[in-house]
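One structure below.
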Amino acid sequence: MAERYNFREIEAKWQKHWETTDAYRAVDFSDKPKYYVLTEFFGPSGKGIHLGHVKCYTPTEVVARYKRLKGYNVLYPAGWDAFGLPTENYALKMNTDPETVTDNNVATFKRQLKRLGYSFDWSREIRTTDAAYYKWTQAIFLELFSHGLAYKSEGAVNFCPSCKTVLSNEDSQGGVCDRCHAEVEQRTRSVWYLRMKDYSEKMLAAVDEIDMKENLKDSQRNWIGRSTGAEIEFAVKGTDKRLKVFTTRPDTLFGATFMVISPEHPLIDELKSALKNREEALAYRAEAAKKTAVERAAQKEKTGVRLEGVAAVNPADGREIPIYAADYVMMGYGTGAIMAVPAHDERDYAFAKKFGIEIREVIAGGDVAAEAYTGDGTLVNSGFLDGLSVEPAKEAMLAHLERTGAGVKKVNYKMQDWPFNRQRYWGEPFPIVVCDDCGYVPLTEAELPLLLPEVADMRPDESGNSPLAKNAAFVETVCPRCGRPARRETDTMPNWAGSSWYWLRFIDPHNDEAFADPKKLKYWGAVDLYTGGTEHVTRHMLYASFWHNFLYDIGKVENRLPFTRRMCNGLVLDEKGKKMGKSAGNAVDPIEILDEYGADAFRLHILFIGDYEQNTLWTMEGINGCTNFLNRVWALPDMLREGGVSREHARALAVLLKRAETGIVAESGGAGREHNDFKFNTVIAAMMEFYNELKKDGFITREELRQFLLALNPFAPHITAELYQRLFFKDIDFESWPVLDESKLVEAVVELPVQVNGKLKGRVTVPAGASEAEARAAALEACPLPAPPKKVIYVKDRIINIIV
RNA sequence: GCGGAGGUGGCGGAAUGGCAGACGCGCUAGUCUCAGGAGCUAGUGGGCAACCGUAGGGGUUCAAGUCCCCUCCUCCGCACCA
């Protein structure tokens, strides 16, 4: 084949072929075993795809093609998560509307993804912003509402002053807005919540079951933040109020010498005249409110105000102890109040030192005059607990509290209910009517979708209301229950709503009777492999787990786990090790690489330069290696010759198939199973090694070439499809992965390293499976020994070590 | 502070406790040629050598990049979680 490999022509030809034949359509209820491989929704931004997309999606793509060849009915869909701030902000910047922006961005993305040769089933394309889709997002919200899992409540919420909207804890991690990185403020507002906290235990169980890296499971567990301890009530002297605290250390109750409530704690308001320095307390509250969460956490010195005129009563011994308001206690965790045990807690210790409060040691073992002691030890100064160690003391105190009614055993979670709304335009409207008489009244499913209305001005403003509030025709309605005039809810759902169930819609994307046909849900079941970024592990993955668990509970899906296995890709970093991104200004345009090197070379290169899960330093150096390899593959037909297949040839092919089968994706895997797959870089190396092996003999047979093309196809689909068609007159997509003959893996002879006293001294060639006597004889012949051997360690086919 | 990942040639990176550096880039020399960012051949951790080499130091083992202990450095999460 003298003709040079023209990737431009050949890639365009096959991409067109795949598009016109709808080549990768998944078949419902096929007889083949099903395999559902999912990669995260695309957020179609204005700039088209970037290297991160290619790094993230190419491996999944290889798995999808490999599994098809392996005889699976593969579902590999793609869709668009198009609601949310990026699109809306981009539309504002471009002075157009989000729908147009979305249309354009989707068209660009789709064109670019096709140029990479990705084998998505485009017949199942969905978009969260389509009414036909968000109808079902709204319907699931109605289910949540009717099951008591959606409620509106006023309280302190995270608010991004730049995006002008309420944010969830998940969206303001580290105290900054996930979108614009502005520091988040606390505001009081009435918002919709989903009772995610009620699902803590089920979500934790799902963490145990999913097949995912242990460290990622830990971040999910930490985010849910289960801790066990006690809820204890302290009487507030001189009032009828009681102050409730959560503690993981009930054993130290005798050491509680003061209490601290968060500045926002309602007790300050409830104490009324009993509180002598109310003004001071309110001033402190106002000060605290000015600080962002970041500032609050960063301050070195503890601050606080003693609440004058009131005291708490320690239920352990009846002593009166002071109450302080201090901003080191957060309203959002536990009860927003703590019992402070300065001798055994570093924060309380610092506070007590500053305010001159008694530090009472109740666990022996440290030097509480110098610092807080948080280790184990024997209880002292603690009445009936004296002499016990920490764990038995916890049990004894819990029993005591439950008997006296002063406290109960309690499990606490760091994860909060999900503030489920935005005061922005571009999101799903709530299917809820607010009636003065009937309260919050849901629409019926038949009334869905409730369409997102057009508005004259979609910009958010300082009113704290969504732009939808300005559209009177939308807002003014009648109550579905009593028929009197009423108003619609005008907030919109957060951008995570649509992605909290989308994998179910791919199963039946065009159904308008249900979000998906139960029979199809049953056939496809859980996603077998879900890939995406680590940044979604404590956001989207948790929301997805929550919604899916809920849908399971109400019998809408049959499998409790949405995803059987999750793999997270590393980032693409620039030469300096910095994250690549549009904002960083160091982005490389993948389209330029496609123009210059083609999709097959690009796919090989991005897989070859690093491990899937590790961060990858981006470099163009070395892409020539992939181009050269493809050129050699293109020239392989010149090496065709029949017959004379040596044992080495057969073995080289078997090794290649074996390494591909184990290195791409494991057959199946339950939770906690050790995988050694997703090693695309070493599978590509195996392809090259196979080529190098052939090159030694200078020929390849037709059957060898056929099998080699099949093995390479998932990585480089265009060139392999072309060669396959030219040589075998068939469409490679309908062929089957070669059957691996394990017996061919066995070598006839092995080269054995010979060690003397553990040091390499030489090598000998022996028949495979040689006995120790044979190996020993060969070794002695090759390496004369300085002394007679005392001992020989022989590992068959691996090594011989002679101790003298 | 807590948690996690990582540290291997000039570079990207390979190595179920068993030949460190697979594979590729780059580089060197040669070769061919329709002069290209092409192909082919050979070489390429250090050292003249014995030997020495996987951040540094100890240890376990017949055998350690890999397991254990200590130290250093880099990156990434989380962070007053009671």
Side-chain angles (χ1 to χ4, degrees), chain A residues 4 173-175 213-216 218-219 221-223 225-227 229 245-249 252 260 262 293-294 296-300 302 326-330 332-341 344-348 350-351 412-415 534-535 537-538 570-571 573 575 577-579 596-597 604-605 608-611 613-629 631-632 635 674 676 679 681-692 695 751-763 790-795 797-803:
Chain A
R4 280 185 54 78
Q173 297 188 26
K213 269 262 160 84
E214 205 53 39
N215 61 322
L216 300 173
D218 279 342
S219 13
R221 292 189 187 110
N222 290 340
W223 187 262
R226 183 185 206 271
S227 59
V245 302
F246 172 74
T247 177
T248 54
R249 297 297 303 275
T252 62
V260 186
S262 107
V294 176
R296 227 165 120 161
Q299 51 191 13
K300 293 180 197 80
K302 294 267 182 286
D327 64 4
Y328 81 92
V329 172
M330 307 291 146
Y333 183 75
T335 62
I338 62 161
M339 63 176 219
V341 184
H344 306 292
D345 181 284
E346 283 167 25
R347 297 150 300 172
D348 298 345
F351 192 86
N412 194 53
Y413 302 94
K414 199 180 91 172
M415 186 175 73
T534 50
E535 74 274 19
V537 166
T538 53
L571 304 169
L573 307 176
E575 295 84 347
K578 290 259 183 300
K579 183 179 173 178
E596 208 165 345
Y597 296 92
L604 283 174
H605 179 62
F608 190 57
I609 57 174
D611 185 271
E613 290 177 294
Q614 304 295 123
N615 291 345
T616 298
L617 288 177
W618 176 252
T619 172
M620 281 304 286
E621 283 198 12
I623 194 169
N624 288 334
C626 295
T627 302
N628 292 346
F629 175 64
N631 283 328
R632 289 178 197 136
E674 292 282 326
N676 200 24
K679 300 291 177 199
N681 50 346
T682 60
V683 177
I684 292 169
M687 305 277 170
M688 293 169 170
E689 283 170 58
F690 174 73
Y691 176 87
N692 294 342
K695 200 67 194 170
E751 199 183 52
L752 214 57
V754 180
Q755 292 182 344
V756 177
N757 290 339
K759 294 208 175 207
L760 183 71
K761 288 293 173 187
R763 295 180 178 86
K790 284 188 199 133
K791 190 180 169 190
V792 174
I793 288 140
Y794 175 59
V795 184
D797 294 347
R798 287 225 88 117
I799 198 161
I800 181 160
N801 188 5
I802 302 169
I803 313 301

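Here the structure is a predicted model, which is why all the values come from computation and not from measurement. Below, chains carry the letters A, B, ... as their sequence lines are ordered, and counting in each starts from 1.
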- Task: Dot-bracket for RNA chain B, please, read 5' to 3', with Watson-Crick or G-U wobble pairs under 3.5 Å on both distances, ( ) within the strand, [ ] crossing, | other strand, . unpaired.
- Result: (((((((..(((.....[....)))((((((.......))))))((....))..(((((..]....))))))))))))....
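- Taking atom C1' on both nucleotides, B/A42 is separated from B/G37 by 23 Å, rounded to a whole Å.
- Syn is the classification of B/G9, since its glycosidic angle stays within 90° of 0.
- Protein atom CG of A/Asn215 is 15 Å distant from nucleotide atom C1' of B/C2, rounded to whole Å.
- A side-chain donor-acceptor contact under 3.5 Å links A/Asn615 to the backbone of A/Leu571.
- Formation of a donor-acceptor pair under 3.5 Å by the A/Asn412 side chain with backbone atoms of A/Ser227 is not found in this model.
- Judged by the 6.0 Å distance and 45° axis criteria, A/Lys302 is not positioned over the aromatic ring of A/Phe351.
- In terms of modelled atom types and a separation under 3.5 Å, the side chain of A/Thr616 and the main chain of A/Trp618 share no donor-acceptor contact.
- Using a 4.0 Å heavy-atom distance criterion, A/Ser219 is classed as making no nucleic acid contact.
- At a cut-off of 3.5 angstrom, the base of B/G37 holds at least one donor-acceptor pair with the side chain of A/Glu596.
- Between the P atom of B/U41 and the NZ atom of A/Lys695 lies a distance of 6 Å, rounded to the nearest Å.
- Checked against side-chain contact (heavy atoms from CB on, under 4.5 Å), A/Lys414 has the following partners two or more places apart in sequence or in another chain: A/Trp223, A/Tyr333.
- Going from atom CG of A/Asn624 over to atom C1' of B/G12 covers 14 Å, rounded to whole Å.
- Protein atom CG of A/Asp611 is 15 Å distant from nucleotide atom C1' of B/U8, rounded to whole Å.
- Distances were taken from every side-chain heavy atom of A/Gln614 (C-beta onward) to each of B/C25, B/C51, B/G6; the shortest belongs to B/G6.
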- Note on the structure: Letter by letter from the 5' end, nucleotides 18-23 of chain B scores (B base, S sugar-phosphate only, - none; protein heavy atoms under 4.0 Å) BB--BB
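- Among B/C80, B/G26, B/C40, the nucleotide with an atom closest to any side-chain atom of A/Met330 is B/C80.
- A distance of 15.0 Å separates NZ in A/Lys695 from CE in A/Met688, rounded to the nearest 0.5 Å.
- In terms of phosphate contacts, A/Arg632 brings no side-chain nitrogen or oxygen within less than 4.0 Å of OP1 or OP2 of B/A38.
- Taking atom P in both B/A22 and B/G46, the straight-line distance is 13 Å, to the nearest Å.
- Here, B/G65 and B/C52 have their P atoms 13 Å apart, quoted to the whole Å.
- Remark: the backbone N or O of A/Asn624 is paired with a side-chain donor or acceptor of A/Asn628 at under 3.5 angstrom.
- A/Lys791 comes within 4.0 angstrom of no nucleic acid atom, judged by non-hydrogen atoms across all strands.
- When heavy atoms are screened at a 4.0 angstrom cut-off, A/Asp348 is found touching no nucleic acid atom at all.
- Residue A/Asn628 places at least one side-chain N or O closer than 4.0 Å to OP1 or OP2 of B/C25.
- Nucleotide B/G4 holds its P atom 18 Å from the CG atom of A/Asn615, rounded to whole Å.
- A/Asp345 comes within 4.0 angstrom of no nucleic acid atom, judged by non-hydrogen atoms across all strands.
- Within the 3.5 Å criterion, the main-chain N or O of A/Thr619 finds a donor-acceptor partner in the side chain of A/His605.
- For A/Ile338 and A/Ile609, each mapped to the nucleotide of RNA chain B holding its nearest heavy atom, the one lying further toward the 5' end belongs to A/Ile609.
- Comparing the C1' positions of B/G59 and B/G13 gives an interatomic distance of 30 Å, to the nearest angstrom.
- Here B/G37 presents its C1' atom at 7 Å from OH of A/Tyr597, a figure rounded to the nearest Å.
- Position along RNA chain B of the nearest nucleotide to A/Cys626 versus A/Lys302 favours A/Cys626 as the more 5'-ward residue.
- Across all strands shown, A/Val341 has no heavy atoms under 4.0 Å from either base or sugar-phosphate atoms.
- B/A20 sits 14 Å from B/A63 when the P atoms are compared, rounded to a whole Å.
- With P as the reference atom, B/G7 and B/G56 are 13 Å apart, rounded to whole Å.
- Atom CE of A/Met330 and atom CD1 of A/Ile338 lie 10.5 Å apart (nearest 0.5 Å).
- Of the side-chain N and O atoms in A/Lys759, none sit less than 4.0 angstrom from OP1 or OP2 of B/G53.
- At the heavy-atom level, A/Lys761 lies under 4.0 Å from the strands shown only through sugar-phosphate atoms.
- For the P atoms, the distance from B/G21 to B/G30 is 28 Å, rounded to whole Å.
- Per the geometry, CD1 belonging to A/Ile623 stands 12 Å off C1' belonging to B/G24, to the nearest Å.
- Here the closest non-hydrogen pair linking A/Ile803 and A/Asn757 is CA-OD1, 3.3 Å.
- For A/Phe351 and B/C80, the CZ to P distance is 17 Å, given to the nearest whole Å.
- To the nearest whole angstrom, the two P atoms, one in B/G43 and one in B/G36, are 30 Å apart.
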- Message: Working note: A/Ile793 + A/Gln755, criterion side chain to side chain contact (heavy atoms under 4.5 Å, CB included); need CA distance, chi angles, decisive distance, verdict.
- Response: CA-CA 9 Å; A/Ile793 288 140; A/Gln755 292 182 344; over 6 Å; no
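- The environment of CD in A/Glu535 is crowded: more than 12 heavy-atom neighbours from other residues, nucleotides or ligands sit within 6.0 Å.
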